[in-house]
Amino acid sequence: MVELRTAGKYMMDHGLAWGNAGNISARLDDGSFLITATGTFLGELGEEDFAECSLAFGGNCQVAPEGTGKKPSKEVPMHAAIYEERPEIGAVLHASPFYSTMLACAGETIPSSLFVETMYYLERIDRVGYHHPGSAALGEAVREKAKSANVLLLDNHGVLVYDVNVKEARMALQTLEMACRMVVEASGAGISLNRLPKTAELDFLERSAYRPRRKWEL
């Protein structure tokens, strides 16, 4: 819970979240996960601003009896789908940062070959077509893409970032927003960004020892 509260404040302080938009979660050890309650402000999360959900209900996440009694975010279907499809994932962050959401609304491609952090954190980005927030349809659409990427752009909605822990997910979200800002501002300034060739990107991922390369099923 402490890590989620810290992440929520960080996201708000650094322009990665706004208002009461967005929701974040972390996997617990007992087959459940903790998620922010509906309508909470990520910048000032208290202990009462979370609900505990269990994955042990045939894919339909339920509020656990030992939870706080708070109503979980309506985006539970997205979070549950990722935890079910990716057992190594420990945290999920859903937000609407300005530049990332701009590109999610524009259908633009976000390059992973700009700098070191984009090569690692943005190695695989995918898109999810528009479905109403909180809907079962959105949850299933996310499920279809969950194994192929760690960053999902939700068309006309926002972004979904997930990783092995809260810290890594937060780093990925910040890297995504920085890359999107560079793309948008460079375009507006008439600057052409140099992208590394795919061979250099793959060599970095395999041999740089920056971080172990992610293992993908697909």
Report task. Could you tell me whether Glu44 atom CD has more than 12 heavy atoms of other residues or ligands within 6.0 Å of it? Result -> no

message: Side chains of His131 and Asp155 only: does a donor on one sit below 3.5 Å from an acceptor on the other?
response: no

Verify same cluster id: Ile125, Tyr130 (apolar side-chain graph, 4.5 Å): no

Exercise. Can you tell me if Ser73 uses its side chain to pair, donor with acceptor, with the backbone of Val76 under 3.5 Å?
Worked result: no

Exercise for review: Establish whether Leu34 and Val164 are linked, either directly or via other cluster members, by ILVMFWY side-chain heavy-atom contacts under 4.5 Å.
Suggested key: no

query: Using a distance-only test with no angle check, is there a side-chain donor-acceptor pair under 3.5 angstrom linking Glu168 and Tyr121?
result: yes

For Ser112 and Met119, indicate whether the former's side chain and the latter's backbone hold a donor-acceptor pair under 3.5 Å.
no

Got Met178 and Thr118 here, is their nearest side-chain heavy-atom distance under 4.5 Å?
no

Exercise. Between Ser148 and Asp126, does a side chain to side chain donor-acceptor pair (under 3.5 Å) hold up when you go through it step by step?
Worked result: CA-CA 8 Å; Ser148 64; Asp126 210 337; 3.3 Å; yes

task = Could you check His94 against His157 for side chain to side chain donor-acceptor pair (under 3.5 Å), going step by step and ending with a plain yes or no?
result = CA-CA 10 Å; His94 169 47; His157 185 168; 3.2 Å; yes

Applying side-chain contact (heavy atoms from CB on, under 4.5 Å), run through Arg124 and Val151 and close with a yes or a no. CA-CA 7 Å; Arg124 291 197 180 186; Val151 175; over 6 Å; no

Can you find a pair of side-chain heavy atoms, one from Val92 and one from Met78, that are under 4.5 Å apart? no

Q) Side chains of Thr175 and Tyr120: donor-acceptor distance under 3.5 Å anywhere? A) no

Review point. Take atom CD in Glu117; do more than 12 heavy atoms of anything else shown fall under 6.0 Å from it?
Key: yes

Minimal heavy-atom distance between Leu114 and Asn194, with the atoms involved, is CD2-O, 4.1 Å

Is there a donor-acceptor contact under 3.5 Å from the side chain of Thr6 to the main chain of Val2?
yes

Give the intermediate values and the outcome of side-chain contact (heavy atoms from CB on, under 4.5 Å) for residues Ile82 and Val142. CA-CA 7 Å; Ile82 291 170; Val142 166; 3.8 Å; yes

Under 3.5 Å, side chain of Glu75 to main-chain N/O of Gly134, donor-acceptor pair present?
-> yes

Does some side-chain heavy atom of Thr36 sit less than 4.5 Å from a side-chain heavy atom of Phe50? yes

Here the pair of heavy atoms bringing Gly139 nearest to Ala81 is O-CB, 3.5 Å

Indicate yes or no for a side-chain donor-acceptor contact from Ser208 to the backbone of Leu205 under 3.5 Å, with no hydrogens or angles considered. no

Here the gap from Phe115 atom CZ to Leu193 atom CG, rounded to the nearest 0.5 Å, amounts to 10.0 Å

Minimal heavy-atom distance between Ile35 and Cys53, with the atoms involved, is CG2-SG, 4.1 Å

Separation between CG (Leu4) and CG (Asn23), nearest 0.5 Å, reads 11.0 Å

When you look at Glu177 and Ser100, which way does the side chain to side chain donor-acceptor pair (under 3.5 Å) test go after all the steps? CA-CA 5 Å; Glu177 179 68 354; Ser100 302; 2.6 Å; yes

So NZ of Lys9 and CZ of Phe41: to nearest 0.5 Å the spacing works out to 9.5 Å

- Would you call Arg86 and Asn150 a side-chain contact if the rule is heavy atoms closer than 4.5 Å? yes

For Ser135 and Pro77, the nearest pair of non-hydrogen atoms, with its separation, is O-CB, 4.0 Å

Value for CG (Leu138) from NE2 (His132), rounded to nearest 0.5 Å, stands at 10.5 Å

One should read off an interatomic distance between Lys71 NZ and Lys74 NZ, to the nearest 0.5 angstrom, of 9.0 Å

Next on the checklist: Do Leu55 and Glu84 have side chains that approach each other closer than 4.5 Å (heavy atoms only, starting at C-beta)?
Outcome noted: yes

Interatomic distance, CZ@Arg181 vs CE@Met102, rounded to 0.5 Å, equals 11.0 Å

When every non-hydrogen atom of Ser32 is compared with those of Ser54, the smallest separation belongs to CB-CA, 3.9 Å

Quiz prompt | Cationic N near anionic O, under 4.0 Å, Arg213 to Glu206 | solution = yes

For Lys145 and Arg127, indicate whether the former's side chain and the latter's backbone hold a donor-acceptor pair under 3.5 Å. yes

Given 3.5 Å as the limit, does a donor-acceptor pair link the side chain of Arg5 with the main chain of Leu45, or not?
yes

*Go through the steps for Val159 and Leu152 under the test side-chain contact (heavy atoms from CB on, under 4.5 Å), then give the verdict.*
CA-CA 6 Å; Val159 300; Leu152 297 178; over 6 Å; no

Checklist entry - So do Leu28 and Glu52 actually touch side chain to side chain, heavy atoms under 4.5 Å? => result yes

cation_pi(Arg170, Tyr10) dist<6.0 Å, angle<=45: yes

Would you say Tyr99 ends up clustered with Trp18 if hydrophobic residues are merged whenever their side chains have heavy atoms under 4.5 Å apart, either directly or through other cluster members?
no

* Asked: Is the backbone N or O of Pro97 less than 3.5 Å from a side-chain atom of Thr101, with the two atoms forming a donor-acceptor pair by type?
  -> yes

Are the side chain of Ser187 and the backbone N or O of Val184 linked by a donor-acceptor pair below 3.5 Å? no

Between Ser25 and Tyr83 the two heavy atoms that sit nearest each other are OG-OH, 2.7 Å

Heavy-atom distance under 4.5 Å between the side chains of Ile110 and Leu103, does that happen here?
yes

Going by heavy atoms in the side chains, are Val128 and Leu153 under 4.5 Å from each other? no

Subject >> Polar side-chain atom of Tyr162 near backbone of Ala146 as donor-acceptor pair, under 3.5 Å >> reply: yes

